[in-house]
2 protein chains.
Amino acid sequence: MTDSNSNASLIAPSIPGDALPPVEQHAQQYATVRNAHETELIEDYVELIGDLLAHRGEARAADIANRMAVSQATVSKMIRRLNELELVTSKPYRSLFLTEAGQKMAETSRARHDVVLHFLRALGVKDSTARIDAEGMEHHVSDETLAIMQRFTKQQQKK
Amino acid sequence: MTDSNSNASLIAPSIPGDALPPVEQHAQQYATVRNAHETELIEDYVELIGDLLAHRGEARAADIANRMAVSQATVSKMIRRLNELELVTSKPYRSLFLTEAGQKMAETSRARHDVVLHFLRALGVKDSTARIDAEGMEHHVSDETLAIMQRFTKQQQKK
DNA sequence: CAACATTCTTAGCCAAGGCTAAACTGTTTG
DNA sequence: CAAACAGTTTAGCCTTGGCTAAGAATGTTG
């Protein structure tokens, strides 16, 4: 018998209020994180491409490579994937553009990112740290938490 | 010329206060996230093993597989890695134990995890959501932010 | 306009983290 | 105590996301 052992407490009396979550819930937590990881990079690329288009008027593979601190070959390969996923359109050796779906994803990601970033700053985290943390956190914040963060930031600004 | 283009504003006038971060800083953000991803899974395993040992008295591969919603083969392979990293000790077909280093990592991860979880709850996020978000966020929260979260949680509890 | 520089792509490598199927070990039980 | 079952490992596969090196396309400039 293993985890579903209900008399495990005989072996190691569980600390009250600090128990392991039920298996199904626990499993769901990890599955959600794993799932987020699959889309994370895609979203980062699309978001960055959107930003480059907005701020620079064009998105070149070399820019992406520089900003992501990754080789151009890696970017090139990734762009092929984004193409297959119909998130970007690209002609060889030319600048990139986002499809409808790509634009939607870029906007969503950007908005999400901004909420988290502003929240962290409102909380008192210094800018450079907030940027790094936001980049990592944005893909793991549920809509519920996101809404709460947004509310918090607004309240903080009123003060 | 690409990203370092300083007259890019001629192409697309940048929105003030909403510019792209300087390339080096931007690159650092992504690099930090990539780095976190490498250790993330390892930490999750070690943390879970620590929890199982604390609450159940033993950590079996099957339990881990169930709780992570992953096949036993995957766990087995991962344990080999943890062994190589000298984070766990294991005899074939036997329960697992943490090395000194493993215990230290488990404690750190657990503490981190708890700070984030309690913070989210203090913020008003409902428990089931907080658990999922915490699982994803914990590896992307800097020490600075962590300290602020901890302070916030304490203040909230005083009220 | 030819040569050089930059950018982009392709080919081929690697490690990580999943999976299934099959073999092996340990435990329980008829 | 042998058979059946539960748990573990191994083998072999796949995808993702990195890399370097080499070559092709494009852009720039003397």
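Chain naming here is simple, since letters A, B, ... match the order of the sequence lines and numbering starts at 1 in each. Remember, predicted model here, so these are calculated numbers, not experimental data.
A straight line from CG of Asp63(B) to C1' of dA6(D) spans 12 Å, rounded to a whole angstrom. Atom CG of Leu96(B) is separated from atom P of dG7(D) by 14 Å (rounded to the nearest Å). Rounded to a whole Å, the NZ atom of Lys91(B) is 12 Å from the P atom of dG26(C). Rounded to whole angstrom, the span from the CG atom of Asn66(A) across to the P atom of dT6(C) amounts to 13 Å. Glu58(A) places its CD atom 11 Å from the P atom of dT7(C), with the value rounded to the nearest Å. Distance CD (Glu40(B)) to C1' (dG17(C)): 13 Å, rounded to an integer number of Å. In this structure, CD of Gln72(A) is placed 13 Å from C1' of dA21(D), rounded to the nearest angstrom. Across the protein-nucleic acid pair, Asp44(A) atom CG and dG18(D) atom C1' stand 15 Å apart, rounded to whole Å.
When distances run from any side-chain atom of Tyr93(B) to the nucleotides dT7(C), dG18(C), dT9(D), the shortest one goes to dT9(D).
Residue whose closest nucleotide on DNA chain D sits further toward the 5' end, between Ser95(B) and His37(A): Ser95(B).
Checked against a 6.0 Å centroid threshold, the rings of Tyr45(A) and Tyr30(B) do not count as neighbours.
For Glu47(A), the salt bridge (charged side-chain N to carboxylate O under 4.0 Å, His left out) criterion is met by Arg110(A), not counting sequence neighbours.
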Considering only distance and modelled atom types, tabulate donor-acceptor pairs under 3.5 Å from the side chains of residues 95-105 of chain B, sequence neighbours left out.
{"unit_1": "Ser95(B)", "atom_1": "OG", "unit_2": "Ala59(B)", "atom_2": "N", "d": "3.2"}
{"unit_1": "Ser95(B)", "atom_1": "OG", "unit_2": "Ala59(B)", "atom_2": "O", "d": "3.1"}
{"unit_1": "Thr99(B)", "atom_1": "OG1", "unit_2": "Glu86(B)", "atom_2": "O", "d": "2.8"}
{"unit_1": "Thr99(B)", "atom_1": "OG1", "unit_2": "Leu87(B)", "atom_2": "O", "d": "3.2"}
{"unit_1": "Thr99(B)", "atom_1": "OG1", "unit_2": "Ala101(B)", "atom_2": "N", "d": "3.4"}
{"unit_1": "Thr99(B)", "atom_1": "OG1", "unit_2": "Gly102(B)", "atom_2": "N", "d": "3.0"}

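Residues from residues 73-82 of chain B placing a heavy atom under 4.0 Å of any atom in DNA chain C, listed by number, are Ala73(B), Thr74(B), Lys77(B), Met78(B), Arg81(B).
Taken to the nearest 0.5 Å, the CZ atom of Arg67(A) stands 9.5 Å off from the CD atom of Gln25(B). Atom-to-atom distance recorded for His140(A):NE2 and His140(B):NE2 is 4.0 Å, nearest 0.5 angstrom.
Remark: Arg94(B) is in phosphate contact with dT27(C), judged by side-chain N or O atoms under 4.0 Å from OP1 or OP2.
A salt bridge links Asp127(B) with Arg121(B); the closest basic N to acidic carboxylate O contact falls under 4.0 Å.
Judged by distance alone, the side chains of Ser90(B) and Asn83(B) do bring a donor and an acceptor atom under 3.5 Å apart.
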